[in-house]
There are 2 protein chains.
Amino acid sequence: MAGGSTTPGRSVTSRALAVLDAFDSNSPRLSLSEIAERAGLPLSTAHRLLGELTDWGGLERRADGRYEIGRKLWDLGLLAPVQLELRQVATPFLLDVHTATRDTVHLAVREGRSALYVERISGRESVPVVSQVGSRLPLHATGVGKVLLASAPDDVVEGMLRGLTRETRHTVVDPARLRRELTEVRRRGYARTAEEMSLGTLSVAVPVRAERGGAAVVVAALGIVVPSHRRDVARLVPVLEVAARGIGRQVSRVQHFH
Amino acid sequence: MAGGSTTPGRSVTSRALAVLDAFDSNSPRLSLSEIAERAGLPLSTAHRLLGELTDWGGLERRADGRYEIGRKLWDLGLLAPVQLELRQVATPFLLDVHTATRDTVHLAVREGRSALYVERISGRESVPVVSQVGSRLPLHATGVGKVLLASAPDDVVEGMLRGLTRETRHTVVDPARLRRELTEVRRRGYARTAEEMSLGTLSVAVPVRAERGGAAVVVAALGIVVPSHRRDVARLVPVLEVAARGIGRQVSRVQHFH
DNA sequence: CCCGGCCTTCCGCTGGGTGGGAGGAGCTCC
DNA sequence: GGAGCTCCTCCCACCCAGCGGAAGGCCGGG
């Protein structure tokens with residue numbers, strides 16, 4: 001019974017949060033001992049915290065003893081601004097694009113050096129894609145990513161250029177070439193990729209601009225993914241642009257209320 | 001400086017959780033003092049907890065000093081089983097229905113005496129509806145609700161019948177009549193409502209059945225909402241049934257993995 | 001039957017959370 | 001312009017709530 005030899009620098013609250021941090025998309029269901037190990041907590045401590053979180057409703061306990069994210073956390077997540085503002089106004093426009101093209105449609109925002117996928121509409125007949133809502137993919141290998149990178153601050157661009165990862169054999173990993181591509185994206189107003197993130201797919205994307213503090217800034221990117229045999233993707237740019245303008249208008253309006 | 005005269009029965013963890021509980025869909029952005037009051041905490045305590053939650057990434061602080069739900073909680077919410085299992089497999093089928101009908105399509109599960117809306121697909125041209133993803137609406141006044149109620153345990157049905165709330169002048173508030181309707185729903189396999197939740201709309205819904213423990217049980221309801229001048233809604237039932245069977249098959253399969 | 005993995009519960013110690021209060025920033029009103 | 005208000009931030013001594021080692025229970029496999 002050593003008592004409260006609490007590890008310095010870790011508050012009580014942060015222990016409970018460390019428990020939640022144990023969950024991610026690769027392991028949405030965990031047992032007590034898995035959670036204790038991931039959170040770096042003694043079994044008994046993890047056990048008590050799990051009990052409290054479960055009573056609260058943030059976690060749920062399955063019949064097999066494993067824990068998973070519960071209703072309360074789902075509800076809270078729905079209140080996040082990315083969900084509340086952007087996604088809600090954008091979804092109908094994504095639907096328009098999907099209706100017109102039957103392809104997979106994406107909406108993404110920049111988060112650091114990643115494209116964060118905020119919404120996706122994908123029919124059963126669309127090409128399979130790696131991205132899901134909540135995914136983060138590198139900015140240099142996707143259509144929406146290139147659009148977001150083209151409007152990102154210089155330090156983000158420079159940081160990216162220093163460490164271009166190869167996702168497929170077609171990924172652009174030459175900094176000079178990517179820099180030229182970004183210039184091209186800014187000039188003509190849309191980005192393309194060809195099998196740079198996953199083989200067999202092309203993508204096109206356009207920026208979503210909204211008014212923020214008097215200036216039009218890129219707040220998101222709208223893109224579609226098609227099978228790579230389809231060579232007519234540039235034809236789809238106007239469809240995307242109409243939707244992007246619609247989203248931008250709505251976002252500008254919504255932000256005025258707050 | 002009175003020190004830790006902690007209110008009995010409220011653990012440290014639950015204080016942090018009480019802070020999160022302060023947020024709901026009516027007030028997704030709150031100031032420090034609002035949160036402190038809602039959570040029943042002293043200002044200084046709430047202040048520190050907000051700092052910890054913000055550092056963690058579960059909350060974000062706006063320029064105006066207010067707090068809102070942050071990325072981390074959004075991410076966690078996406079891991080909830082309602083999202084992960086049901087919603088992910090169902091969305092393509094909802095899209096099929098929407099493509100065929102152009103109307104608002106809903107997927108809901110039962111949570112106590114409410115229908116919890118798990119997914120919604122609604123175009124810009126669809127009728128405006130009250131429900132959003134995450135909404136809870138009464139079981140007796142919506143199409144998906146009646147379907148879910150028709151397959152609910154007896155005690156839930158009896159509980160509902162004792163307190164039928166009137167949502168519009170067309171809401172069924174007579175227990176005997178609702179009981180007859182539920183029998184009818186079970187018999188013919190779908191439910192209808194006419195302006196019972198909001199004026200100007202009709203709805204039709206069918207059950208989604210999946211195999212659980214060897215038996216086919218109703219795990220969700222799939223419904224559409226149309227303007228009330230459209231009198232041909234029963235015609236849409238087969239479309240819903242095809243989609244519901246597709247969802248049910250997928251859900252049965254997914255659950256076998258776990 | 002014994003062993004190992006996993007979960008649950010117990011309990012005395014102690015250090016970190018607590019909350020009153022002081023101080024400051026920003027605002028309105030007279 | 002300053003008095004008064006609301007709201008936020010920070011500090012600090014107290015003391016109790018959380019802590020975690022350990023023991024016991026359960027289950028399944030060898």
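Everything quoted here is computed from the prediction, not taken from an experiment. All chains are named by letter (A, B, ...) in the order of the sequence lines, taking the proteins before the strands, and each is independently numbered beginning at 1.
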Rounding to 10°, can you tell me the angle the first-five-pair axis of the helix from C:dC1-D:dG30 to C:dC30-D:dG1 makes with its last-five-pair axis?
40°
Could you tell me how far apart B:L32 (CG) and D:dC8 (C1') are, to the nearest whole angstrom?
6 Å
Within the pair B:R15 and C:dG19, is there a side-chain N or O less than 4.0 Å away from OP1 or OP2?
yes
Quick one: do B:D21 and A:K72 satisfy salt bridge (charged side-chain N to carboxylate O under 4.0 Å, His left out)? Show the steps, please.
CA-CA 9 Å; B:D21 271 334; A:K72 204 103 168 200; 3.4 Å; yes
Is the backbone N or O of A:F23 less than 3.5 Å from a side-chain atom of A:S27, with the two atoms forming a donor-acceptor pair by type?
no
So, OP1 or OP2 of C:dC7: does either fall under 4.0 Å of a side-chain N or O from A:H47?
no
Closest of D:dG20, D:dT9, C:dC6 to the A:S33 side chain is C:dC6
Please classify the nucleic acid contact of B:R61 as base, sugar-phosphate, or nothing, using heavy-atom distances under 4.0 Å.
sugar-phosphate
Just by distance, do the side chain of B:S126 and the backbone of B:S122 share a donor-acceptor pair under 3.5 Å?
no
Is B:T45 close enough to C:dG19 that one of its side-chain N or O atoms is under 4.0 Å from OP1 or OP2 there?
yes
Assess whether one donor atom and one acceptor atom, taken from the side chain of B:S44 and the base of C:dG20, lie less than 3.5 Å apart.
yes
Side chain of A:S31, heavy atoms from C-beta onward: which of C:dC7, C:dT8, D:dC19 has the nearest atom to it?
C:dC7
Is there a donor-acceptor pair under 3.5 Å between the side chain of B:R186 and the backbone N or O of B:A150?
yes
How many whole angstroms separate atom CZ of A:R48 from atom P of C:dC7?
17 Å
